[in-house]
Amino acid sequence: MKRRSLLLAIAATPILHPGLSYAAAPIHVYKNPDCGCCSAWVDHLKAAGFAVQVTETPDTSSVRKRFGMPERFAGCHTATLEGYVLEGHVPADDIKRLLAMKPQAIGLSVPGMPVGSPGMEYGDRRDPYKVLLNDRRGGERVFASYAGSSTTGAAK
């Protein structure tokens, strides 16, 4: 009887479909309607399995301010997910790591628009850049570093 109960429990367990989103809540992206690199970053997130909701706005600075991300960490778009703020071209794998770790923080940022970051691809060119973990006191620490190269620029 135990074996039958176990088999029924296994059969009743939902099977994860590869097309399902990574996060329960969608990443809400605030971006300028004319920005192609922001759209490319949204495509990067979708390819990584995230559900994405987009709000177009000509003023992302006010969005950053509303969510508490200091202006000095500005990128060209701002996003929110599960209580975190994502600023700029943050790689999807770093977002997944953030969600797994659940640190006390505002979120992650990639200040500026570094060539080679997700959505900012330009041939084989990869400029070095850092993903910063932004704390609630306005400070930051390096969450991931990406080396510049003519190849893929892996996280360190």
Side-chain angles (χ1 to χ4, degrees), residues 16 18-156:
L16 293 178
L20 292 179
S21 299
Y22 179 80
I27 295 179
H28 193 143
V29 178
Y30 299 85
K31 69 176 211 59
N32 186 297
D34 299 321
C35 186
C37 68
C38 295
S39 298
W41 185 67
V42 167
D43 292 342
H44 165 75
L45 296 176
K46 288 177 180 177
F50 285 101
V52 182
Q53 188 176 48
V54 175
T55 298
E56 295 186 342
T57 177
D59 181 17
T60 57
S61 181
S62 65
V63 173
R64 267 189 299 286
K65 185 175 183 178
R66 179 169 27 129
F67 292 118
M69 181 61 74
E71 192 67 28
R72 72 179 185 276
F73 301 116
C76 62
H77 51 261
T78 303
T80 59
L81 172 67
E82 296 186 14
Y84 291 108
V85 179
L86 307 169
E87 182 63 33
H89 293 269
V90 178
D93 286 343
D94 292 330
I95 298 168
K96 291 175 182 179
R97 188 163 65 104
L98 174 78
L99 294 175
M101 293 173 60
K102 297 191 184 318
Q104 293 294 315
I106 293 172
L108 297 175
S109 64
V110 174
M113 299 169 64
V115 173
S117 60
M120 288 296 297
E121 292 85 0
Y122 187 75
D124 287 340
R125 182 175 159 198
R126 305 267 187 263
D127 292 348
Y129 69 96
K130 292 177 176 30
V131 177
L132 304 175
L133 179 68
N134 305 99
D135 68 35
R136 299 190 189 282
R137 295 178 309 277
E140 79 277 349
R141 70 174 177 84
V142 175
F143 190 76
S145 293
Y146 291 83
S149 69
S150 62
T151 58
T152 59
K156 292 182 180 180

- Task: Apply side-chain contact (heavy atoms from CB on, under 4.5 Å) to L98 and L133, showing your working.
- Result: CA-CA 9 Å; L98 174 78; L133 179 68; 3.9 Å; yes

- Query: Can you check salt bridge (charged side-chain N to carboxylate O under 4.0 Å, His left out) on D124 and R126, steps first, answer last?
  - Reply: CA-CA 6 Å; D124 287 340; R126 305 267 187 263; 5.8 Å; no

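Closest of all the heavy-atom pairs between P91 and P118 is CA-CG, 3.6 Å. The minimum heavy-atom distance between L81 and P26, with the atom names listed, is CD1-O, 3.8 Å. Here the closest heavy-atom approach between residue N134 and residue E140 is recorded as ND2-CB, 3.9 Å. Nearest heavy atom pair, residue C76 against residue C35, reads SG-SG, 4.2 Å. Residues C37 and G119 come closest through the heavy atom pair CB-O, 3.4 Å. Closest approach of F50 to L99, counting heavy atoms only: CE2-CD1, 4.2 Å.
Here the CG-CE distance, from D127 to M113, works out to 12.0 Å after rounding to the nearest 0.5 Å. Between D59 atom CG and R66 atom CZ the span is 10.0 Å, to the nearest 0.5 Å. Between L132 atom CG and F143 atom CZ the span is 11.0 Å, to the nearest 0.5 Å. Atom CD in E82 sits 11.0 Å away from atom CD1 in I95 (nearest 0.5 Å). Separation of atoms OH (Y30) and OG1 (T60) is listed at 12.0 Å; rounding is to 0.5 Å. The CD1 atom of I106 sits 12.0 Å away from atom CG of L86, with the distance rounded to the nearest 0.5 Å.
Atom CZ of R137 is surrounded by 12 or fewer heavy atoms from other residues, nucleotides or ligands within 6.0 Å.
Under the salt bridge (charged side-chain N to carboxylate O under 4.0 Å, His left out) criterion, the residue pairs touching residues 31-41 are K31-E56, with sequence neighbours excluded. Note on residues 83-92: pairs passing side chain to side chain donor-acceptor pair (under 3.5 Å), not counting sequence neighbours, are R64-E87, T78-E87.
K46 meets the side-chain contact (heavy atoms from CB on, under 4.5 Å) test with V42, V52; sequence neighbours excluded.
For the pair C38 and V29, the minimum side-chain heavy-atom distance is 4.5 Å or more.
S109 places no side-chain N or O within donor-acceptor distance of the main-chain N or O of P111, the cut-off being under 3.5 Å. Side-chain atoms of W41 never come within 3.5 Å of backbone atoms of H77 as a donor-acceptor pair (strictly under, hydrogens ignored).
In this structure, a donor-acceptor pair under 3.5 Å is present between the side chains of D94 and Y146.
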